[in-house]
Visitor: 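Below is one structure. I have some questions about it.
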Amino acid sequence: ESTQPLFPDEIQRGDDAPWGSDQPAPPPSWPDATGQATEATQPLSPEEIQRIEEMRYRRELDEAFMQLAIAVAVSSEEKPSETKPPIGAVVISHDGAILGEGVSDWNSDAVLVALENAGTKLTEEAGKWTPLTHATLYVTMEPGNPVVVNLIQQVGVSRVVIGSPHPNPQLQSKATETLLAAGLDVR
């Protein structure tokens, strides 16, 4: 049985130290996944700390905007069913402004409605959509319609945050894979 401390603040000096009082203390150690002590990592640089803070901030924003998409879905007047759950979508600009919201019903797709509300319109030139450069699309369920997935790529959305995978096993991850292959950041 080892008396090696698991956390650095438990390291003591003195006669009861397992390495002896006349020797320097070993480097601080932290438990790994198995609970065994491992060497401590180097302190984080200011750049690493800033990157971690930015990631934490982005995660918090993602959670808040996904909650908004859920609220939009819940606001649907359509009665949800097992085959057609309410779906909400929100388009957010790179600076955090809400550009558009959409909810699914039996006649429309939440993503299409949100993109249209964000000002994305089909121009007279066939297949040309007004761009939403650097925008993020938050959608409560992975899109299952390939036309919608193609439109997401065409409008220039750079990030897509998906709340849950598509419930149909044949469609699960198809949109995610397509968007990732197109170079979008998908969460």
Side-chain angles (χ1 to χ4, degrees), residues 47-48 50-187:
E47 293 81 19
E48 290 170 318
Q50 181 179 0
R51 186 176 58 81
I52 290 169
E53 290 299 322
E54 288 171 0
M55 288 172 29
R56 182 178 299 138
Y57 178 71
R58 169 55 70 187
R59 186 180 70 242
E60 289 171 0
L61 282 179
D62 285 349
E63 289 172 2
F65 287 128
M66 184 56 70
Q67 286 297 321
L68 177 60
I70 292 168
V72 170
V74 171
S75 74
S76 172
E77 294 179 12
E78 293 290 322
K79 184 172 176 124
S81 72
E82 224 174 88
T83 58
K84 185 77 171 162
I87 300 169
V90 181
V91 180
I92 306 295
S93 71
H94 69 281
D95 61 355
I98 299 170
L99 300 176
E101 298 176 357
V103 64
S104 62
D105 59 30
W106 290 102
N107 300 314
S108 60
D109 185 280
V111 172
L112 293 177
V113 173
L115 292 173
E116 287 176 3
N117 287 339
T120 304
K121 303 274 188 254
L122 186 62
T123 60
E124 292 182 20
E125 298 176 42
K128 296 289 182 179
W129 293 82
T130 54
L132 290 172
T133 308
H134 306 299
T136 300
L137 170 66
Y138 295 86
V139 61
T140 58
M141 188 177 79
E142 180 181 28
N145 184 337
V147 173
V148 172
V149 176
N150 189 30
L151 176 62
I152 292 169
Q153 294 174 59
Q154 288 181 10
V155 299
V157 171
S158 59
R159 288 182 79 234
V160 180
V161 180
I162 299 172
S164 66
H166 200 283
N168 181 339
Q170 295 176 332
L171 298 175
Q172 251 177 28
S173 302
K174 297 282 186 199
T176 301
E177 291 168 3
T178 302
L179 295 171
L180 285 169
L184 278 74
D185 179 8
V186 182
R187 308 285 168 154

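This one's a predicted model, so the numbers in the text were calculated from it and none came from an experiment. Both backbone and side-chain heavy atoms feed into the values below; hydrogens, waters and symmetry mates do not.
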Visitor: Would you say S164's side chain and T140's backbone share a donor-acceptor pair under 3.5 angstrom?
Guide: yes
Visitor: How far does CE of M66 sit from CD1 of I162, to the nearest 0.5 angstrom?
Guide: 8.0 Å
Visitor: In Å and rounded to the nearest 0.5 Å, what is the CD1 to CD1 distance from I92 to I98?
Guide: 5.0 Å
Visitor: Using side-chain heavy atoms (C-beta onward) and a distance below 4.5 Å, is V149 in contact with L179?
Guide: yes
Visitor: Please find the pair of heavy atoms, one from V139 and one from I87, that lie closest to each other, and give the distance.
Guide: CG2-CG2, 3.9 Å
Visitor: What is the distance from atom CD of E101 to atom CG of L68, rounded to the nearest 0.5 Å?
Guide: 5.0 Å
Visitor: For the atom pair CG (L61) and OH (Y138), what is the distance rounded to the nearest 0.5 Å?
Guide: 6.0 Å
Visitor: State plainly whether the residues E54 and R51 are in salt-bridge range, i.e. N to O under 4.0 Å.
Guide: no
Visitor: Could you tell me whether the side chain of Q172 and the main chain of H166 form a donor-acceptor pair under 3.5 Å?
Guide: yes
Visitor: Can you tell me if CD on E53 sees more than 12 non-hydrogen neighbours from other groups inside 6.0 Å?
Guide: yes
Visitor: Between V90 and F65, which heavy-atom pair has the shortest distance, and what is it?
Guide: CG2-O, 4.5 Å
Visitor: Sort and list the pairs that fulfil side-chain hydrogen bond (donor to acceptor under 3.5 Å, both in side chains) and have at least one residue in residues 142-153, not counting sequence neighbours.
Guide: E142-T176
Visitor: Only one of E60, R59, R58 forms a side chain to side chain contact (heavy atoms under 4.5 Å, CB included) with D62, so which one is it?
Guide: R58
Visitor: Any idea which heavy atoms bring A110 and A89 closest together, and the distance?
Guide: O-CB, 3.6 Å
Visitor: Closest heavy-atom contact between P85 and S104?
Guide: O-OG, 3.8 Å
Visitor: Does a donor on one side chain and an acceptor on the other come within less than 3.5 Å for E63 and Q67?
Guide: no
Visitor: Give the intermediate values and the outcome of side chain to side chain contact (heavy atoms under 4.5 Å, CB included) for residues T136 and V91.
Guide: CA-CA 6 Å; T136 300; V91 180; over 6 Å; no
Visitor: Tell me whether the rings of H134 and H94 are parallel (<30°), tilted (30 to 60°) or perpendicular (>60°).
Guide: perpendicular
Visitor: State, with a plain yes or no, whether a side-chain heavy atom of P146 is found less than 4.5 Å away from one of K174.
Guide: no
Visitor: Compare every heavy atom of I152 with every heavy atom of L184, then report the nearest pair and how far apart it is.
Guide: CD2-CG2, 3.9 Å
Visitor: What distance separates S108 OG from E116 CD, expressed to the nearest 0.5 Å?
Guide: 8.5 Å
Visitor: Which heavy-atom pair separates L137 from V157 by the least distance, and what is that distance?
Guide: N-CG1, 3.8 Å
